[in-house]
Amino acid sequence: MNQRTELSLEQQFSIRSFATQVQHMSHEQAQDFLVKLYEQMVVREATYQEMLKHQWGLESDPNMA
């Protein structure tokens, strides 16, 4: 996982823009934003896991229990 993926110019610009926005936040705003961002990351990961389970046919069948 140590390989670094090359980002497009658009992605690099987006990161720079995000950094600028964060620099202008108060400490409290930044903390609140960070918690919300982490929550979105967790939801995204759970969504991807469910999609992969469905795609790979790994879903547990409620009728089998």
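Only a predicted model underlies this, so the values are computations on that prediction, with no experimental measurement involved. Side-chain atoms are counted along with the backbone in the values below, which use heavy atoms only and exclude waters and symmetry mates.
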Residue pair E50, H54: steps toward the side chain to side chain contact (heavy atoms under 4.5 Å, CB included) verdict
CA-CA 6 Å; E50 287 303 313; H54 176 74; over 6 Å; no
Minimum heavy-atom separation for H24 and Q29, please, with both atom names.
O-OE1, 4.5 Å
Short side-chain to backbone donor-acceptor contact, [X] and [Y], under 3.5 Å:
{"X": "T47", "Y": "V43", "answer": "yes"}
{"X": "Q11", "Y": "S8", "answer": "yes"}
{"X": "E39", "Y": "K36", "answer": "no"}

Applying a strict under-4.5 Å side-chain criterion to I, L, V, M, F, W and Y, I'd like to know whether L37 and I15 cluster together.
no
Do F18 and F33 have ring centroids that are under 6.0 Å from one another?
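Ring centres of F18 and F33 closer than 6.0 Å.
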Kindly indicate, with the supporting measurements, whether the criterion side chain to side chain contact (heavy atoms under 4.5 Å, CB included) is fulfilled by H27 and Q31.
CA-CA 6 Å; H27 184 74; Q31 285 181 325; 3.1 Å; yes
Is it true that atom CD of Q23 has more than 12 heavy atoms of other residues, nucleotides or ligands lying nearer than 6.0 Å?
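Above 12, so yes.
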Return yes when atom CG of L9 has more than 12 non-hydrogen atoms of other residues, nucleotides or ligands closer than 6.0 Å, and no otherwise.
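12 or below, so no.
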